[in-house]
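Structure first, commentary second.
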Amino acid sequence: MRLCELGIAAARAGLAKGEFSSRELVQSVIDSWREKNGSVGAYLTFDEEQALALADANPGAVPIAVKDLINVKGQPCTCASKILQGYVSPYDATVIARMKAAGFIPAGRVNMDEFAMGSSTENSALGVTRNPYDLERVPGGSSGGSAAAVGAGMCVAALGTDTGGSIRQPASFCNCVGVKPSYGRVSRYGVTAFASSLDQVGPLAKNVEDAAILLGAIAGHDEMDGTTPDVPVPDYAAALEGATLKGRRIGVVREYRDIAGLDPEVKRIADEAVARCAAAGAEIVEVSLPHAEYAMAVYYIIAPAEASANLARFDGVRYGHRSQRSQDVFTLYTRSRAEGFGPEVKRRIIMGTYVLSSGYYDAYYARAQKVRTLIRRDFEEAFASVDAILTPCAPTPAFKAGEVLDPLTMYLNDLFTIPSSLAGVCASAVPAGFTAATPQRPALPVGVQFICGSFEEAKLFSISKAFEAS
Ligand code: GLN
């Protein structure tokens with residue numbers, strides 16, 4: 001077994017006992033990258049020298065793979081886009097600075113859908129990532145590189161981002177624990193913005209304890225991100241002690257009972273997860289999210305609208321790619337963007353610009369904001385009677401590369417994760433089982449999602465841990 005197959009807690013224990021050094025741990029990640037990246041393709045780039053130097057300078061530190069939209073000083077930060085090819089970060093994102101202070105070092109840049117738009121990592125303009133459980137299949141997305149690296153044992157743990165499901169769905173596809181923190185729990189300073197009212201950074205890890213440790217390291221108020229309130233960060237790892245489902249009230253969503261398009265094996269595993277909670281002493285309570293059915297529509301107005309504004313900064317002047325075919329400032333903008341952005345990013349910019357345009361703003365954007373409020377209230381009401389809501393993570397297990405070509409079908413991957421993103425609450429993905437192998441499909445991992453209220457991560461970790469142990 002390679003050292004980097006260990007999780008965070010286990011690696012720290014080995015380091016503390018002097019069984020191996022941080023340098024050896026980093027070297028094991030490098031060996032694994034050399035050996036497996038040709039097939040799994042989790043990493044886009046790996047600066048061996050920097051990672052080894054950081055290990056030497058920080059004995060006891062644990063390496064973490066970083067999604068390629070989080071800035072690490074001196075490293076590329078491409079967002080898997082041609083428009084940022086060649087860009088090198090001049091500074092560390094707050095999450096990276098915090099991670100370093102807490103005994104972690106960034107090691108390797110992992111692949112993603114371009115600008116985090118997608119659910120399969122197939123929208124990366126810079127590389128192909130495969131699911132380590134079946135190389136013909138996708139790892140999910142947009143944090144597909146993070147999930148594949150964790151799932152393949154090519155890193156100890158990873159950072160990803162989640163706007164509508166981008167940590168949870170790939171975690172489900174690659175058998176990882178993933179956590180989307182509450183909106184405002186983690187600073188986005190230095191994290192390339194996709195949809196600023198939704199984006200959050202979070203951990204992808206091998207178990208719940210590791211996710212708790214890593215989130216504890218990066219969470220908290222940051223002067224550089226005004227959306228992070230000054231609320232103390234509980235000791236998430238300590239919250240796991242004595243974790244139990246006994247007496248917990250777990251909600252199941254009435255509207256999801258007979259939902260169309262749910263893979264029968266995912267349904268079986270999600271039903272079994274509910275039964276496991278009950279057997280472990282939880283009380284199962286039906287809750288209603290009456291406006292969840294509008295969540296996809298609302299998300300695909302709000303997220304593209306915000307993306308169209310955020311991506312305006314990539315104009316060929318300030319960062320990255322500049323068209324060589326421009327004659328004036330207008331063609332410099334349009335050609336740089338036409339050459340630099342991929343098709344899905346262009347689709348989002350066009351949709352977002354449309355819904356924000358005068359004459360359509362009220363009909364789309366303003367109305368979507370109102371429905372978003374109703375969705376948030378649905379969750380508030382549900383959490384008045386339950387500790388957590390349990391749902392499938394994604395409607396299907398990992399699908400084959402090239403199998404989903406229609407954007408709307410791709411968008412449906414986030415059916416179960418988008419409502420909680422719009423509500424700003426926290427949610428985890430926890431491995432729950434494997435599909436039965438058939439001639440068409442090998443056994444594939446499937447995760448379930450636990451959702452807790454805003455800033456209730458300690459409870460979320462405790463429930464997720466008790467489920468993991470059940
Ligand atoms: N799959 C969703 C999208 O394409 C969510 C992506 C994300 O969470 N970053 O927008």
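Only a predicted model underlies this, so the values are computations on that prediction, with no experimental measurement involved. As a basis for the values below, the full set of heavy atoms in this structure was taken, side chains included, without hydrogen atoms, waters or symmetry mates.
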(Q) Using a strict threshold of under 4.0 Å (side-chain N to carboxylate O), is an ion pair present between Glu35 and Arg2? (A)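 Here Arg2 pairs with Glu35 in a salt bridge, since their nearest N and O are under 4.0 Å apart.
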Q. Got a salt bridge between Glu272 and Arg268, using NZ or NE/NH1/NH2 to carboxylate O under 4.0 Å?
A.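 Yes, this pair counts.
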Tell me yes or no: between the side chains of [X] and [Y], is some donor less than 3.5 Å from an acceptor?
X: Arg168; Y: Thr417; answer: no
X: Ser464; Y: Ser428; answer: yes
X: Gln449; Y: Thr391; answer: yes
X: Thr161; Y: Lys67; answer: yes
X: Ser187; Y: Asp222; answer: yes

Could you tell me if the side chain of [Y] sits less than 4.5 Å from the side chain of [X], heavy atoms only?
X: Ile418; Y: Tyr300; value: yes
X: Tyr294; Y: Leu374; value: no
X: Pro397; Y: Arg441; value: yes
X: Ser172; Y: Phe416; value: no
X: Val138; Y: Asn131; value: no
X: Val287; Y: Val253; value: yes
X: Val345; Y: Arg348; value: no
X: Arg185; Y: Val233; value: yes

Tell me if the [atom1] atom of [X] is crowded by more than 12 foreign heavy atoms within 6.0 Å.
X: Glu24; atom1: CD; result: yes
X: Tyr133; atom1: OH; result: yes
X: Arg347; atom1: CZ; result: yes
X: Asp406; atom1: CG; result: yes
X: Tyr411; atom1: OH; result: yes

With rounding to the nearest 0.5 angstrom, report the [atom1] to [atom2] distance, [X] to [Y].
X: Ser166; Y: Asp199; atom1: OG; atom2: CG; result: 9.5 Å
X: Gln169; Y: Ser119; atom1: CD; atom2: OG; result: 5.0 Å
X: Ile301; Y: Leu356; atom1: CD1; atom2: CG; result: 10.0 Å
X: Ser182; Y: Leu460; atom1: OG; atom2: CG; result: 8.0 Å
X: Met224; Y: Tyr91; atom1: CE; atom2: OH; result: 8.0 Å
X: Leu159; Y: Asp68; atom1: CG; atom2: CG; result: 12.5 Å

Identify the two heavy atoms, one from [X] and one from [Y], that lie closest to each other, and give their separation to 0.1 Å.
X: Thr227; Y: Arg188; value: OG1-NH2, 3.3 Å
X: Ala157; Y: Ile8; value: CB-CD1, 3.8 Å
X: Pro419; Y: Ala292; value: CG-CB, 4.3 Å
X: Cys426; Y: Glu457; value: CB-OE2, 3.4 Å
X: Ile105; Y: Ala61; value: CG2-CB, 4.0 Å
X: Ile250; Y: Ala282; value: CG1-CB, 3.7 Å

Main-chain N/O of [Y] paired to [X] side chain as donor or acceptor, under 3.5 Å:
X: Glu306; Y: Ser196; result: yes
X: Arg249; Y: Ser385; result: yes
X: Thr373; Y: Gln369; result: yes
X: Glu344; Y: Met117; result: no
X: Asp113; Y: Ala116; result: no

Q) In terms of ring plane angle, is the pair Phe194 and Tyr299 parallel, tilted or perpendicular, where the classes change at 30° and 60°? A)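 Perpendicular.
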Q) What orientation do Trp33 and Tyr43 show, parallel under 30°, tilted 30 to 60°, or perpendicular over 60°? A)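 Answer is perpendicular, since the angle exceeds 60°.
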(Q) Suppose we screen for salt bridge (charged side-chain N to carboxylate O under 4.0 Å, His left out). Which residues come up paired with Arg137, at least two apart in sequence or across chains? (A)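 Expected list: Asp134.
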Q: Would you please test Arg109 and Thr78 for side-chain hydrogen bond (donor to acceptor under 3.5 Å, both in side chains) and show each step?
A: CA-CA 9 Å; Arg109 312 280 310 166; Thr78 66; over 6 Å; no
Q. ring-ring contact (aromatic ring centres under 6.0 Å, His included) with Phe455: which residues, sequence neighbours excluded?
A.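 None.
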